[in-house]
Trainee: 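Would you mind keeping the following structure in view while I ask a few things?
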Amino acid sequence: MKRILISTIVAGFMFLTIASAQDLPENASEETKMCLSCHISYTPGIVYDWLESRHSKTIPSVALQKPELERRVSKPEIDEKLANVVVGCYECHSLNPQMHKDNFAHFGFKINVVVSPNDCMACHPQEVEQYSTSTKAHAVGNLSNNPLFTLLVETIISPKTIEDNKVVHGEASGLTKRETCYGCHGTVIKVDGMKKIETEAGEIEVPDLSDWPNQGVGRVNPDESRGACSACHPRHAFSLKDARKLYTCAQCHLDPDVPAYNVYKESKHGNIYYARGDEWNFENVPWTLGKDFKAPTCAVCHASLIADENGNVLSERTHNFDSRIWVRIFGLPYAHPHPKVGNTYVIKNADDLPLPTTFLNQPASDYLIDSTVMRERQRKMEELCQACHSSDWVEKHFQKFDGTVKETNMMVLAATQLLLKAWDKKLADKSNPFDEEIEMMWVKQWLFYPNSIRYASAMTGAPDYTAFKLGWWELSEKLQQMKNWIELRKK
Amino acid sequence: MKRILISTIVAGFMFLTIASAQDLPENASEETKMCLSCHISYTPGIVYDWLESRHSKTIPSVALQKPELERRVSKPEIDEKLANVVVGCYECHSLNPQMHKDNFAHFGFKINVVVSPNDCMACHPQEVEQYSTSTKAHAVGNLSNNPLFTLLVETIISPKTIEDNKVVHGEASGLTKRETCYGCHGTVIKVDGMKKIETEAGEIEVPDLSDWPNQGVGRVNPDESRGACSACHPRHAFSLKDARKLYTCAQCHLDPDVPAYNVYKESKHGNIYYARGDEWNFENVPWTLGKDFKAPTCAVCHASLIADENGNVLSERTHNFDSRIWVRIFGLPYAHPHPKVGNTYVIKNADDLPLPTTFLNQPASDYLIDSTVMRERQRKMEELCQACHSSDWVEKHFQKFDGTVKETNMMVLAATQLLLKAWDKKLADKSNPFDEEIEMMWVKQWLFYPNSIRYASAMTGAPDYTAFKLGWWELSEKLQQMKNWIELRKK
Amino acid sequence: MKRILISTIVAGFMFLTIASAQDLPENASEETKMCLSCHISYTPGIVYDWLESRHSKTIPSVALQKPELERRVSKPEIDEKLANVVVGCYECHSLNPQMHKDNFAHFGFKINVVVSPNDCMACHPQEVEQYSTSTKAHAVGNLSNNPLFTLLVETIISPKTIEDNKVVHGEASGLTKRETCYGCHGTVIKVDGMKKIETEAGEIEVPDLSDWPNQGVGRVNPDESRGACSACHPRHAFSLKDARKLYTCAQCHLDPDVPAYNVYKESKHGNIYYARGDEWNFENVPWTLGKDFKAPTCAVCHASLIADENGNVLSERTHNFDSRIWVRIFGLPYAHPHPKVGNTYVIKNADDLPLPTTFLNQPASDYLIDSTVMRERQRKMEELCQACHSSDWVEKHFQKFDGTVKETNMMVLAATQLLLKAWDKKLADKSNPFDEEIEMMWVKQWLFYPNSIRYASAMTGAPDYTAFKLGWWELSEKLQQMKNWIELRKK
């Protein structure tokens, strides 16, 4: 059952002439060939993933000769060391070693365990730069530097015990943080010295990384950069298809708190994608509307370079996924104008809290985009909509969305007033606003239900979802329950 | 970024020789060619969708030469004006202008914004006729002409405020109606005069449509016809694949109130579709059982013309999707024989309410199909099942379904008796039977949970769904909760 | 509409020369040809399914000439009667007639209705043997021979009535058992004599099977064997694609009680499968990692023969799906070491109950695998993980899982302590621990919520699901609700 002979390791530093080696790219660097010579046996999954990737077939200097619109690299000139070999193991895992606390000696090479956005900048600087200003890039700090969100996280995921019929909250473990909130937001990866591990190639020494593995969007890497490109371009395929289909986004953006995926599935756009998406091209650059795809996926509206068949750009590529979003519709009690900056923990509202609105929905306007920027972002989105829908259709669609934002905010306000009543009557203790029964009812009234309604409204679909599944029904029923909860205890 | 020069518009009335124009069909009418000459730039998404459609490649007079079983048009003779050109923009958007309140002058042509079933009748009269008698065609009136359903809608989706610790219901807005209940059922589209809008081609004047856009199945159109063919044959592709896959149906028929999609996904039929459906043919007419597909989707049992390989018809095409359904299992407290007519608001039960049963399950038999019609419909469905299952299998399957209808109706009756008790003891006020906590518990006992069990039973699957997800577990737990709710407040 | 002439039946015993007959395999036995001659008209769905199957194209004696690693049959020598014809209707439906209570005379042949694992052993003995020792093979008895599970089933699915504001439980019907719990677990199929049925071929006599149709994994067949191979290899396609895709498993292993499917969909593995799985090969034997597939489906980790491109075996095929599972994480209050045997109802814990732990989580260690076996199973799983992930990654992944098992067990213990309090204070009656409101709250605290967290932790994914959907949020909120429920009633 052992799939490799120990002798392979001894002979490791030469390019193996095993059957599969014939598929290995000739244009790989000597270093990458050496990586492959062992890893094709030890971790064939990674190697074959890479072998089908564009990276394994692309020589950057050749890639630069493409017309600008078709280019996947955004650096006008690529470092000579990287320019004339395919993008292999060593090209990515050896960059900027001085910055990488996770750099270690590995069979004669100095290797970084974690490839970071700062490394990807060698060919893709524009993408990294755009990303770095987004809320995603700050997803870790936006939780951990905001005391309210930190408290919410702790309250939910801490293990509890019962003492004297009281629920006592323990401390949330790092393990559980990593597989819940910080699974999507990202962890802070530190290097705790070196450790010895047993592998099929015998005992080797590797950096001991804390809070690893993790591919959260805001991950803080051992080189102190923020973000994990692999969150959306997974593992070693670096596939556009992966990032353009919806499943990558759906790992984090789904019900009950961010029901974008659920709403899309039930929308007409989703209907068409699921019925005919197998016939579309998810690899072309630019991505041609009408030819390559017939209905948008997440990436069409929020990220990709979209053109028409004559090469006219309908929508610019961006890796700051906030850049066509004018209202933020999830994660906070009230929908509100999008924050100006990605690191939202710097916000201070009139209650002196790091939130974009007060408890009763007064916006912290200094920290939020103004109506001019809002209109500009909306206009950019509408231009894309109009490639398939009439101007009137698009206008009426977003009028409807504006109404929905107002009505769902009203519903949150009503729930908040009931919570204030409960606090006022000492039926709950406001020192932790998230841990008691009536408080958890309130949290659902803003964190779960209105989001569905807003997403469905924004993304043209999901009437049943909005009415019954996780929207108006829940909002109305739970409001009634909050009222009754108070009433029953007042008596 | 502007993707079209203003000069294009000036030169608009000639067939553009742009790169993509070579793909435009030669057999289009002169009018359609003119539409395309601008819209390929302004709304390329629509045009490319159409270019891949059968409409863009079909000349009706040629289509009529096919053997009858293979025909997609049901009119024996097509109007001369339409017969010898492909089915383009102008052919559909210019019909019956005198009936269309949404007809308007558009660059020299008289154009209808909304193409209606009455227009589609030019080639597909049988489909429109069948559809027109169905519950779907009356989906708007079945809500808005039934005071009880109107009250349920208002109760759920009205924005609420808190006054003196009371939940006060505001008035449901048209915008929210349109994106919830009437998103599936359809809106009444009216023309409120003309309005000027800014487009990429400059300012133009268009009809100002109320409650638009909408593709609900019962939409009342500006020509007063009912229905939206685009609900299931979306936009300009008019694709059989779209309608035969399940995602179109799943836009409205999903949990918690109509969990057909959810149940299908977990059934053996769904399992086979998801595993191997990518190898099937969703375009052939007739649709050949065993060859084109291996397991049914919604359309197989409820709509499509199904034949065996020798052209023997196994099941007739119908656009009255009620026609093989004998028991109605959702949307009303008790499962009951299917109503005789599509406009169900005409029903009067012994309580003098427009519902097919009374509060305690006495059927309004005069308005419901009798046992002969029920048996006939069941027999038609069974014939199709028997193409893959033995007669005994099929018989036992529907015996099981009969039992499920009885047991789930028992559970609804139990919940109803508890509600009567609550009303009797003045724990709730029956003037609006949908707005208080115990009433909303009761609504879920008929609108959500029994439906899952009945759908799963009818559609051969989803045991886990039925047991734990949205079926028996919920029914039994919530019944206990209703009882306790009353008990706690009686004290 | 009748798709067959009565004369066909008269002429039934000859191989029809109808159009489709040309596709019928020449190498079928004479008996099978006779079956097909009628059934291609009566049940074309079954016949065409089979015609695309490997069975219809495979002559066992030829199949045996393949290299061992590529073989799909595990018997070294096949009975002469079966060896030289394709595997057709008669080959499977005529085996071991003396054991089959469902054997009957059918147009001159002696036919079994239900093909059982014991019949499949004619070519696939290793698979049947492995399966027979698994928990799946004992899925019926594991419910029906365990009085606690029997009580849980009855409590949930029995029809209820209201008498004097009490919820009165009726008796659960066989029909409902069959479409809920025993839909997945399997039924006991008995033969209640013969019955006459009307078919398109006229009246025929067939065995009258009770609790049929059913494809539950532990089905007890009329020949007294246990299991239904068709549960995962549905109907007459016997497709590897069906079994290797996830939808077969997802029929039973889904939320809220066994959320493997839900968690997979949101994991990175699932993301990659959904984005690119359409390009993979689901038919090859052995199944080559990296070449045939890029991310695991259920079968990769739990069932299939996995090799690398050079034919080195990475993981052995097994039909005992327990064999690489060391901790059981669902279906019982606490996660615990996997039971030693498949028939878990033999277990006795220190409370003298047939459960693997006591009420307060003391394990029934004599019946559970010890730490050596646990480590060995974990090591086997890890070897497969390491084909794509570094040793360190894999080690840290399972450390995290260990922590999750501990924390979720703590949460179950907290809920159990509250239940004990409620019983102690006579707020509920422990004679049936599943039927009262506080008891049903407790059941959800172990049957639904912790499982999601454990599955997500084990299967590398679903942080949002774990945090908010059906995990920590629910566990924490419902614990608070249990506490308040008691508090409110104590006063």
Side-chain angles (χ1 to χ4, degrees), chain A residues 1 3-4 18-20 41-49 155-157 159-162 165-167 173 175-176 178-184 195 197-200 206 209 212-213 215 234-235 237 239 241-242 245 247-248 250-252 254-258 278 435-437 440 448 488-489, chain C residues 265-268 270-272 274-276 278 289-291 294 308-310 312-314 316 386-393 395-397 399-400 403-404 407 410-411 413-414 417-418 421 453 456-457 461-469 471-473 476-477 479-481 483-484 486-488:
Chain A
M1 277 260 313
R3 66 184 183 279
I4 180 147
I18 55 175
S20 54
S41 298
Y42 289 125
T43 54
I46 296 176
V47 173
Y48 281 107
D49 216 23
T155 303
I156 297 169
I157 67 168
K160 278 101 187 159
T161 50
I162 303 298
N165 201 30
K166 287 268 173 298
V167 177
S173 68
L175 299 170
T176 289
R178 174 146 61 97
E179 69 185 23
T180 55
C181 309
Y182 292 91
C184 286
K195 62 182 257 189
I197 55 164
E198 278 306 317
T199 74
E200 284 187 274
V206 296
L209 304 182
W212 172 257
Q215 282 79 42
R235 302 305 322 280
S239 155
K241 198 170 179 179
D242 282 342
K245 289 201 168 175
Y247 312 102
T248 284
Q251 283 189 268
C252 296
L254 76 181
D255 84 334
D257 55 326
V258 198
D278 57 340
D435 64 338
E436 292 174 83
E437 190 175 0
M440 296 189 94
F448 294 174
L488 192 64
R489 282 158 178 83
Chain C
K265 280 201 299 182
E266 299 186 14
S267 72
K268 186 54 85 184
N271 168 356
I272 296 171
Y274 278 102
R276 285 185 274 145
D278 57 341
L289 182 141
K291 277 281 191 189
K294 303 290 184 189
D308 70 14
E309 209 198 357
N310 299 313
N312 298 305
V313 173
L314 302 180
E316 299 277 2
Q386 287 168 0
C388 295
H389 299 281
S390 75
S391 307
D392 187 44
W393 174 302
E395 184 186 316
K396 288 205 152 91
H397 169 71
Q399 275 171 5
K400 184 169 64 56
T404 297
E407 290 185 13
M410 270 180 74
M411 291 298 282
L413 184 65
Q417 285 167 332
L418 287 176
K421 182 93 67 182
I453 302 172
S457 185
D464 199 59
Y465 203 86
T466 300
F468 286 131
K469 179 67 181 177
W472 280 104
W473 175 273
S476 295
E477 188 187 28
L479 195 67
Q480 196 68 26
Q481 287 177 1
K483 181 214 124 196
N484 284 6
I486 292 171
E487 214 161 70
L488 193 64

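Numbers restart at 1 for each chain; the letters A, B, ... are given by sequence-line order, proteins then strands.
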Trainee: Does C:Lys268 pair with A:Asp242 as a salt bridge, N-O distance under 4.0 Å?
Mentor: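 Salt bridge flag = no for A:Asp242 with C:Lys268.
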
Trainee: Taking it one step at a time, do C:Ser267 and A:Gln251 satisfy side chain to side chain contact (heavy atoms under 4.5 Å, CB included)?
Mentor: CA-CA 6 Å; C:Ser267 72; A:Gln251 283 189 268; 5.5 Å; no

Trainee: Can you give me the closest heavy-atom contact between A:Arg178 and C:Lys396, atom names plus distance?
Mentor: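 So the minimum-distance heavy-atom pair works out to NH2-O, 4.3 Å.
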
Trainee: When you measure from the side chain of C:Lys400 to the backbone N and O of A:Trp212, does any donor-acceptor pair fall under 3.5 Å?
Mentor: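 Flag not set: sc C:Lys400 to bb A:Trp212 has no pair under 3.5 Å.
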
Trainee: Taking all non-hydrogen atoms of both residues, which atom of A:Ile156 and which atom of C:Ala467 are closest, and how far apart?
Mentor: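 That closest heavy-atom pairing would be CG2-O, 4.1 Å.
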
Trainee: For A:Gln215, is it the side chain, the backbone, both or neither that has a heavy atom under 4.5 Å from a heavy atom of chain C?
Mentor: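 The side chain, not the backbone.
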
Trainee: Please confirm whether the backbone N or O of A:Tyr48 pairs with a side-chain atom of C:Lys294, one donor and one acceptor, at under 3.5 Å?
Mentor: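 Indeed, once roles are kept as given, a pair shorter than 3.5 Å links the two residues.
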
Trainee: Quick one: what part of A:Phe448 sits under 4.5 Å from any heavy atom of chain C, side chain, backbone, both or neither?
Mentor: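 Side chain only.
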
Trainee: With sequence neighbours left out, what residues match C:Glu477 under salt bridge (charged side-chain N to carboxylate O under 4.0 Å, His left out)?
Mentor: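 Residues passing salt bridge (charged side-chain N to carboxylate O under 4.0 Å, His left out) with C:Glu477: A:Lys444.
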
Trainee: For A:Ile46, which atoms come within 4.5 Å of any heavy atom of chain C: side chain, backbone, both, or neither?
Mentor: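 Both backbone and side chain.
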
Trainee: Is it true that the side chains of A:Thr43 and C:Gln386 contain a donor and an acceptor less than 3.5 Å apart?
Mentor: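 No donor-acceptor contact under 3.5 Å links the two side chains.
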
Trainee: With a 3.5 Å distance limit and no angle check, can you tell me whether C:Ser391 reaches the backbone of A:Thr199 through a side-chain donor-acceptor pair?
Mentor: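 Side chain of C:Ser391 to backbone of A:Thr199, a donor-acceptor pair under 3.5 Å: no, none is there.
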
Trainee: A:Ser173 and C:Glu407: side-chain donor and acceptor closer than 3.5 Å?
Mentor: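 Side chains of A:Ser173 and C:Glu407: pair found under 3.5 Å.
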
Trainee: With only heavy atoms counted, which part of A:Asp278 is less than 4.5 Å from chain C, the side chain, the backbone, both or neither?
Mentor: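 Contact with chain C involves no heavy atom of A:Asp278 at all.
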
Trainee: Could you check A:Thr176 against C:Trp472 for side chain to side chain contact (heavy atoms under 4.5 Å, CB included), going step by step and ending with a plain yes or no?
Mentor: CA-CA 10 Å; A:Thr176 289; C:Trp472 280 104; 3.5 Å; yes

Trainee: Might you work through the side chain to side chain contact (heavy atoms under 4.5 Å, CB included) test for C:Gln480 and A:Asp435, ending with a clear yes or no?
Mentor: CA-CA 8 Å; C:Gln480 196 68 26; A:Asp435 64 338; 5.7 Å; no

Trainee: If I measure from the heavy atoms of chain C, does A:Thr155 come under 4.5 Å with its side chain, its backbone, both, or neither?
Mentor: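 Backbone only.
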
Trainee: Give the intermediate values and the outcome of side chain to side chain contact (heavy atoms under 4.5 Å, CB included) for residues A:Arg235 and C:His389.
Mentor: CA-CA 10 Å; A:Arg235 302 305 322 280; C:His389 299 281; 3.2 Å; yes

Trainee: Hey, are C:Ser457 and A:Glu179 close enough side-chain-wise for a donor-acceptor pair under 3.5 Å?
Mentor: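 C:Ser457 and A:Glu179 do have a side-chain donor-acceptor pair below 3.5 Å.
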
Trainee: Would you call C:Lys469-A:Asp257 a salt bridge at under 4.0 Å N-O?
Mentor: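 Not counted as a salt bridge, because no side-chain N and carboxylate O are separated by less than 4.0 Å.
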
Trainee: What closest approach, in Å, do A:Lys245 and C:Ala275 show between heavy atoms, and which atom pair accounts for it?
Mentor: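 Taking every non-hydrogen atom into account, NZ-O, 3.1 Å.
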
Trainee: Between A:Arg489 and C:Glu487, does the salt bridge (Lys or Arg N to Asp or Glu O under 4.0 Å) criterion hold? Intermediate values first, please.
Mentor: CA-CA 11 Å; A:Arg489 282 158 178 83; C:Glu487 214 161 70; over 6 Å; no

